[in-house]
Amino acid sequence: MSERTPEPKTVLLRRGEVHSPADPFATAMVVERGQVAWVGSEGAADAFADGVDEVVDLDGALVTPAFTDAHVHTTSTGLALTGLDLSSAPSLAAALALVRDFAAARPRDKVLLGHGWDASRWPEGRAPRRDELDEATGGRPLYLSRIDVHSAVVTTALLDLALRTRTEPGFAEGEPLTRDAHHTARAAAFAAVTPAQRAEAQRTALAHAASLGIGSVHECGGPEISSEDDFTDLLRLAAEESGPRVVGYWAERDADRARQLGALGAAGDLFVDGALGSHTACLHTPYTDAAHSGTAYLTAADVAAHVVACTEAGLQAGFHAIGDAAVTAVVDGVRAAAEKTGLARIRAARHRVEHAEMLTPETVAALAELGLTASVQPAFDALWGGDDGMYAQRLGVERARTLNPFAALLRAGVPLAFGSDSPVTPLDPWGTVRAAAFHRTPGHRVSVRAAFTAHTRGGWRAIGRDDAGVLVPGAPADYAVWRTDALVVQAPDDRVARWSTDPRSGTPGLPDLTPGTDLPVCLRTVVAGKTVFVRPGE
């Protein structure tokens with residue numbers, strides 16, 4: 001990315017397909033002063049041709065609202081993109097080889113950082129041992145987070161940098177670090193990242209997001225995840241340089257501090273529990289493959305107090321809750337808060353629940369009643385769902401089939417905002433839409449159109465903006481241009497049919513995302529009327 005540069009005040013895009021509810025057959029759009037000024041037909045576009053500063057010939061390309069990724073860890077994403085990424089390692093042996101090569105290639109790094117290992121997918125079925133990592137790194141400090149970022153393995157040298165780790169909850173000799181021990185080790189590892197390295201990682205992540213048609217990201221920071229400097233530096237960088245918008249959430253039970261840091265809410269990854277893969281998600285009944293029910297970090301009373309404080313302060317509250325017991329604690333706490341402040345004020349605040357994977361009909365109904373936004377990650381199901389996936393290993397097949405019930409949430413009227421939780425799963429907006437439309441449990445599938453809306457307009461609604469994420473006159477000109485195949489609409493019975501030419505349909509088409517088909521390729525991304533990405537050669 002580069003420093004912001006002036007752009008033409010008025011731009012006409014023509015000879016394409018414009019995805020707009022204002023005109024489902026639009027082929028042209030006018031952008032003026034950072035807003036959509038007009039959408040319509042090619043013939044009508046002639047009237048604007050002489051009065052604009054630039055004409056863009058779309059040559060049949062598709063124009064859609066830019067995506068919003070509603071849950072991102074920007075610096076960690078950039079570090080994963082530029083550093084050691086083990087997410088594709090097919091085995092423990094392959095992962096150790098990657099660690100060895102990375103250490104050899106980075107002799108000057110004070111601490112080696114890596115991410116993405118997942119022992120549940122390896123034939124060895126276990127995490128790397130500390131002695132194996134000591135050997136692979138030559139005894140240097142190394143921090144390797146599991147793919148869900150709720151546990152990690154480290155070398156002896158890193159433990160020596162974070163001496164308290166050995167005495168804290170979550171430390172067990174020979175096991176990955178969890179809970180407080182993990183947080184302490186992570187803080188020690190990331191303290192070694194210089195401001196210059198951090199800025200490089202942030203720029204890399206935002207540039208990558210822009211190349212995928214992402215116009216906004218919701219940064220989920222917090223004292224247990226990153227640092228205040230990381231958070232404020234990111235907000236400053238995004239404000240000063242060309243790239244996606246960044247909306248900040250700070251996960252601390254201090255509404256005043258969140259406001260001081262420039263956060264929209266004291267929300268995001270404010271942990272009520274952990275993650276299923278690390279056996280730290282909090283369950284009502286024990287794991288199938290472990291003799292415990294996970295970890296609870298906050299009670300319903302804690303949730304209630306925080307929601308009341310944020311509501312009174314005019315900020316959003318939000319919580320990370322994955323296990324069914326954690327989600328129950330959230331809805332019980334928010335309901336208790338509503339008894340103090342009034343339900344209308346709670347609903348108006350649009351408080352959030354991140355992940356919300358293990359839901360029951362009762363908690364789905366509660367989310368709808370309380371006006372809570374479900375900020376969810378469909379790629380989790382694509383990666384870990386199915387009868388032989390990690391969810392089934394942890395919970396058994398029957399419980400695993402209940403996870404991520406997107407269709408039930410929509411039927412109940414729960415607002416959905418889609419994200420990636422990157423670097424847990426990659427930034428991949430069309431892949432995210434596909435994952436929701438082709439959920440591994442068929443009863444949880446939603447239409448491509450509904451999934452697309454959750455990943456565009458849903459992210460804007462989650463921050464209290466109902467006028468954005470859609471290409472209609474007056475909306476922010478945040479859009480992406482795509483090379484794709486013929487457009488289709490999804491029929492009510494989930495069959496994919498060619499786009500109807502009946503004007504009564506009133507439904508703009510979207511790409512065919514059937515598994516096995518090519519995903520659209522982003523040619524250009526524009527934020528507030530300013531181009532932040534152009535594919536080379538276009």
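All values reported here derive from a predicted model rather than from experimental measurement. Note: hydrogens, waters and symmetry copies are ignored here, and every other heavy atom, side chains too, is used.
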| said: Quick check: do L343 and L370 have side-chain heavy atoms less than 4.5 Å from each other? | reply: yes
| request: Mind checking the CG-CZ spacing from D467 to R461? Nearest 0.5 Å is all I need. | output: 10.5 Å
| task | Look only at the side chain of T514 and the backbone of T517, and say whether a donor-acceptor pair between them is shorter than 3.5 Å. | result | no
| message | Using every non-hydrogen atom in the two residues, find where V414 and A368 come nearest and quote the distance to one decimal. | response | CG2-N, 3.6 Å
| Going through the distances and angles, do H320 and Y297 end up as a ring-ring contact (aromatic ring centres under 6.0 Å, His included)? | CA-CA 10 Å; H320 164 118; Y297 297 122; 8.3 Å; no
| said: Can you see whether T311 engages H351 through a side-chain donor-acceptor pair at a distance of less than 3.5 angstrom? | reply: yes
| request: Sequence neighbours left out, what passes side-chain contact (heavy atoms from CB on, under 4.5 Å) with S87? Give chain and number order. | output: D85
| remark: Correct closest heavy-atom pair for V18 and A28 would be CG2-N, 3.7 Å
| task | Determine whether the side chains of R394 and S120 contain a donor N or O and an acceptor N or O closer than 3.5 Å. | result | no
| query | Just wondering, do T360 and T402 contact through their side chains at under 4.5 Å, heavy atoms? | reply | no
| said: For the residue pair H73 / D421, report whether a side-chain donor-acceptor contact shorter than 3.5 Å exists. | reply: yes
| said: Would the distance check show the side chain of R483 and the main-chain N or O of A61 forming a donor-acceptor pair, the cut-off being under 3.5 Å? | reply: no
| query | Quick one: CG on L261 to OG1 on T232, what's the gap to the nearest 0.5 Å? | reply | 6.5 Å
| request: State whether a side-chain donor-acceptor pair under 3.5 Å links D269 with H71. | output: yes
| Using a distance-only test with no angle check, is there a side-chain donor-acceptor pair under 3.5 angstrom linking S216 and W460? | no
| said: Can you give me the closest heavy-atom contact between P473 and V39, atom names plus distance? | reply: CD-CG2, 4.4 Å
| task | Determine, stepwise, if the pair T77 / S422 fulfils side chain to side chain donor-acceptor pair (under 3.5 Å). | result | CA-CA 6 Å; T77 296; S422 179; 2.8 Å; yes
| field | Separation between CG of L283 and CD1 of I322, rounded to the nearest 0.5 Å | value | 10.5 Å
| Test side chain to side chain contact (heavy atoms under 4.5 Å, CB included) applied to R535 and R524, step by step | CA-CA 6 Å; R535 183 162 298 280; R524 179 185 296 255; over 6 Å; no
| Is P476 close to R245 at the side-chain level, that is, under 4.5 Å between some pair of heavy atoms? | yes
| remark: Contacts of S278 meeting side-chain contact (heavy atoms from CB on, under 4.5 Å) (sequence neighbours excluded), chain-then-number -> R146, D148, H150, S151, T280
| query | Yes or no on side chain to side chain contact (heavy atoms under 4.5 Å, CB included) for L395 and L403, after CA distance, side-chain angles and deciding distance? | reply | CA-CA 10 Å; L395 304 171; L403 266 62; 3.8 Å; yes
| Is a side-chain donor or acceptor of D69 paired with a backbone partner of G419 at a separation under 3.5 angstrom? | no
| query | Would a 4.5 Å heavy-atom cut-off, applied to side chains only, mark E224 and F271 as touching? | reply | yes
| side chain to side chain donor-acceptor pair (under 3.5 Å) against Y479, all qualifying residues, sequence neighbours excluded | none
| Below 4.5 Å, heavy atoms only, C-beta onward: do V433 and F438 meet side chain to side chain? | no
| Under the salt bridge (charged side-chain N to carboxylate O under 4.0 Å, His left out) test, residues paired with D466 that sit two or more places apart | R350
| message | For T10, is there any backbone N or O sitting under 3.5 Å from a side-chain donor or acceptor partner on D53? | response | yes
| Checking D273 side chain against C282 main chain: does a donor-acceptor pair fall under 3.5 Å? | yes
| field | Flag side-chain contact, heavy atom, 4.5 Å: P21 against V470 | value | yes
| Does a side chain donor of either Q316 or Y249 reach within less than 3.5 Å of an acceptor in the other side chain? | yes
Residues 323-332 side chain polar contacts: donor-acceptor under 3.5 Å, at least two apart:
unit_1	atom_1	unit_2	atom_2	d
D324	OD1	H284	N	2.8
T328	OG1	H284	NE2	3.1
T328	OG1	D324	O	2.9

| Side chain proximity check, F452 to H19, heavy atoms < 4.5 angstrom | yes
| message | Could you check whether any side-chain N or O of T525 sits under 3.5 Å from a backbone N or O of A210, counting only pairs where one atom can act as donor and the other as acceptor? | response | yes
| message | Less than 3.5 Å apart, any donor N or O on the side chain of Q202 or T74 sitting next to an acceptor on the other? | response | no
| task | Please determine if K9 and E32 form a salt bridge, counting it only when a charged side-chain N lies under 4.0 Å from a carboxylate O. | result | no
| message | Taking atom CG as the centre, does D518 end up with more than 12 heavy-atom neighbours from other residues, nucleotides or ligands that are less than 6.0 angstrom away? | response | no
| task | Before giving the answer on side chain to side chain contact (heavy atoms under 4.5 Å, CB included), spell out for D428 and L519 the whole-Å C-alpha distance, their side-chain angles and the decisive distance to 0.1 Å. | result | CA-CA 10 Å; D428 180 14; L519 294 175; 4.1 Å; yes
| field | Student check: side-chain heavy atoms of L487 and D512 closer than 4.5 Å | value | no
| note | Between S420 and P426 the two heavy atoms that sit nearest each other are CB-O, 3.5 Å
| Do NZ/NE/NH1/NH2 and the carboxylate oxygens of R347 and E369 come within less than 4.0 Å? | no
| For the residue pair F418 and F67, is the inter-centroid distance of their aromatic rings smaller than 6.0 Å? | no
| Sequence neighbours excluded - side-chain hydrogen bond (donor to acceptor under 3.5 Å, both in side chains) pairs with any residue from residues 373-383 | R352-S375, E354-S375, H355-Q377, D381-H439
| said: Assess whether a salt bridge exists between R440 and D387, defined as any Lys/Arg side-chain N lying under 4.0 Å from an Asp/Glu carboxylate O. | reply: no
| Do T68 and T456 pass the side chain to side chain contact (heavy atoms under 4.5 Å, CB included) test, and can you show the C-alpha distance, the side-chain angles, and the key distance before you say yes or no? | CA-CA 5 Å; T68 293; T456 50; over 6 Å; no
| said: Given 3.5 Å as the limit, does a donor-acceptor pair link the side chain of T341 with the main chain of A337, or not? | reply: yes
| message | Quick one: does any side-chain atom of S20 pair with a main-chain N or O of A22 as donor and acceptor, under 3.5 Å? | response | yes
| query | Do NZ/NE/NH1/NH2 and the carboxylate oxygens of D46 and R14 come within less than 4.0 Å? | reply | yes
| said: Under a 3.5 Å cutoff, is there a donor and acceptor pairing between the side chains of T27 and S41? | reply: no
| From L270 atom CG to F319 atom CZ, the distance as rounded to the nearest 0.5 Å | 5.5 Å
| task | Give the minimum heavy-atom separation between A382 and A435, together with the two atoms involved. | result | CB-CB, 4.0 Å
| request: Nearest 0.5 Å please: distance from the CZ atom of F406 over to the CG atom of N404. | output: 4.0 Å
